[in-house]
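Before any comments, here is the structure.
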Amino acid sequence: MSEPSPWAIEAEGLGKKYRRGWALRDCSFRLPAGHICALVGPNGAGKSTFLSTATRLVQPTTGTLKLFGVPVSDPAVLQRVAFLAQDKPLYPRFTVAETLRLGRELNPRWDQALAERIVRSGNVPFTARIGTLSGGQRTRIAFALAFGKRPELLLLDEPMSDLDPLARHELSGLLMAEAAEHGTTVLMSSHMLSEMEVMCDYLLVLAEGRLRMAGQTEELVPAHLLVTGVASGDDGVPEELRRQHTVVESKVTGRQFTALVRPGGPLSDSWETLSPSMEEVLLAYLRSPDAPTLIADEARIDGGQQEAAA
Amino acid sequence: MSANSTAGPADTRRTTSATAAASGPVETAAPRRGLPRGLAWLVWRRHRTLLRTGLLVTVVGCALFAYQRIGVMDFLHTKGSSPGADGRLLTDFQSNFGPMFNSDTQYLQFLPFVVGVFLGAPLIAGEQERGTIRLVTTQSVSRGRWIAATLGLPLAVAVLCTTLLSAAFTWLWSPAHELVMSGDWLQSGAFESTGPIPVAKTVFLTACGIALGMLIKRVVPAMAATAVFAAATSVIWSEKVRDHLGTLRSVTYPYDGGGPDLPPSSVRIDDWVSTADGKLYGFGTCVNGDTTACRAKLGIVNRVTQYFDYAQMPGMQWLGAGILLALAAVVLALVVWRAHRRPL
């Protein structure tokens, strides 16, 4: 085998068209291995479609997708990836032990000890049937099945959405600990922006099937400023601001405007500026699908040969 | 190549985890690995209640047929196996074994229906309905191997069970075939419940059930659709297909003479009247009014009876089974193709 690719995901012009239209379009980015990456976007943005193409559940209409240098058209890619669908499908009549056996029978790199440890740490009895478990316990078994596969890339579709706060906290801790221990790259979609801020160090934002933002959190978030000032001009936002900087989103309340901008240079002193949180930046992008895209150099598929995003 | 390189470390890991589990006092999740393994284990585990029931029913059915054969053979040895001219033996046999053969053939004719509805329809629809198809197809095995195991194992068990049952019933029926249902092997059910026909029907209906389930993606509607489909095909089969599987033979005899003189165990299909040069008229021609003048005008001098000979039965059964198996192969190929190409 050749030496491992430094890129967990490389998408190039990836697109998927369903009968009702494009669910994913012109998606080009790469994700370096070892990151915990958040996949953010409103419902119908193409998150699940992207995860499905990465797990061979859906064939892309256009473009290519490589995981660790292996194209997804090659079934060998399945060994490197584990996928946890949103509803965590498991066979309800199987016992916990049988569910782990399923993982062992179907995966050559299976780590039984690891899977058992995850089950045991949640005090889930091995003889219990899946159908009798609580939502949190089921998710734990699904995690055990995913980690037992020893994946290099773990894809999670809204893993915590149907859990109570306690189970959510417990399982996020489990996820972070296991991912850190094994150096697993994680890509998870979620609507819980505040949790993503704590867990993730990489961001992919999708809206209306297109990639809006990609890059490391610590690079993307500080690239934005929240600007407040006195409203002027047609829509309240001063012309000067619009000319020199990229306005992602703006809002006018009475005589005051607030805007999230990507500064293109030093800002004038006449405005008050604040550093936004990741949640504020994400919300601004989700609310304004027409905002210009921001792809960090590292995440560009052509390695930053193009000039940086305007 | 890659399969070899991955098998080595995986095996050692299995043994190390097994020894760790054996030495530790902790509760172990690792039951001993027996056969079957891999995907076959998963398919067996998913359907084990149904498959075990099938095997049990087969054993019980075969034992029952063997037991019934003792009584039948006893009867045939003491009273003979050919119906006499007066039909006393037929009546005697019918009163002793008629209901038994009736329920046996009904059971064997019902079997393909049950297998198609309860094994075929939920096979893939069940995975789609619960979403577990996304679980199994995202493990390390390819879709091709998954669909092969998912279709292969249940179909193999169905073929095994129906072959055994059909063989056992054929063994019970054939010595007494001249007496069972008065020797009517075509329409009374013997044609459907002996030889290759039960196997072929089971494979065909199971394949169609799988395909319908895959398209409908819901277990209960898929079972209902398979049941309707099975009923429709059974009507088409008995009305349109079965009587065309062989070439009718005919015997001609004088209009006013005795007859027809059919070979033993042949099945009479149709009667005609005919002219001296063989032109056929319906059986009801010239039965009203001045029948002699009418016949003289048309030149009718003979009666003709068309029949299937008992010797034609195996040929007709294998032809019918071949048609059903070919259709089943087409349906299964579509299922495999769709499982490969389309998201399920």
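Below, read A as the first sequence line, B as the second, and so on, with proteins coming before strands; counting in each chain starts at 1.
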Practice problem: Can you tell which part of A:Leu84 gets under 4.5 Å to a heavy atom of chain B, answering side chain, backbone, both or neither? | Solution: neither
Quiz prompt | Which atoms of A:Val77 approach chain B - backbone, side chain, both or neither, heavy atom under 4.5 Å | solution = neither
Practice problem: State which residues pass side-chain contact (heavy atoms from CB on, under 4.5 Å) with B:Thr162; sequence neighbours excluded, sorted by chain then number. | Solution: B:Leu111, B:Val199, B:Thr202
Rounded to the nearest 0.5 Å, what's the gap from [atom1] on [X] to [atom2] on [Y]? Could you check?
X: B:Gln139; Y: A:Gln79; atom1: CD; atom2: CD; value: 11.5 Å
X: B:Leu135; Y: A:Lys88; atom1: CG; atom2: NZ; value: 13.0 Å
X: B:Thr138; Y: A:Leu106; atom1: OG1; atom2: CG; value: 10.0 Å

Taking atom [atom1] of [X] as the centre, does the number of heavy atoms from other residues, nucleotides or ligands within less than 6.0 Å exceed 12?
X: A:Glu170; atom1: CD; result: yes
X: B:Phe118; atom1: CZ; result: no
X: B:Arg48; atom1: CZ; result: yes

Are [X] and [Y] packed together at the side-chain level, in the sense that at least one heavy-atom pair is separated by less than 4.5 angstrom?
X: B:Thr132; Y: A:Phe94; answer: no
X: A:Leu57; Y: B:Thr137; answer: yes
X: A:Asn107; Y: B:Val141; answer: no

Quiz prompt | Test: B:Arg134 cationic atom under 6.0 Å from A:Phe83 six-membered ring centre, within 45° of axis | solution =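 No - B:Arg134 does not lie over the ring of A:Phe83 by the 6.0 Å and 45° rule.
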Quiz item: Taking NZ, NE, NH1 and NH2 as the nitrogens, is one of them in B:Arg45 or A:Glu98 under 4.0 Å from a carboxylate oxygen of the other?
Solution: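 The answer is yes: the pair qualifies as a salt bridge.
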Practice problem: Go through B:Gly131, B:Ser140, B:Gly144 and name the one with the most non-hydrogen pairs under 4.5 angstrom from chain A. | Solution: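 Top option by heavy-atom pairs under 4.5 Å: B:Ser140.
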Quiz item: So which part of B:Arg46 gets closer than 4.5 Å to some heavy atom of chain A, the side chain, the backbone, both or neither?
Solution: both
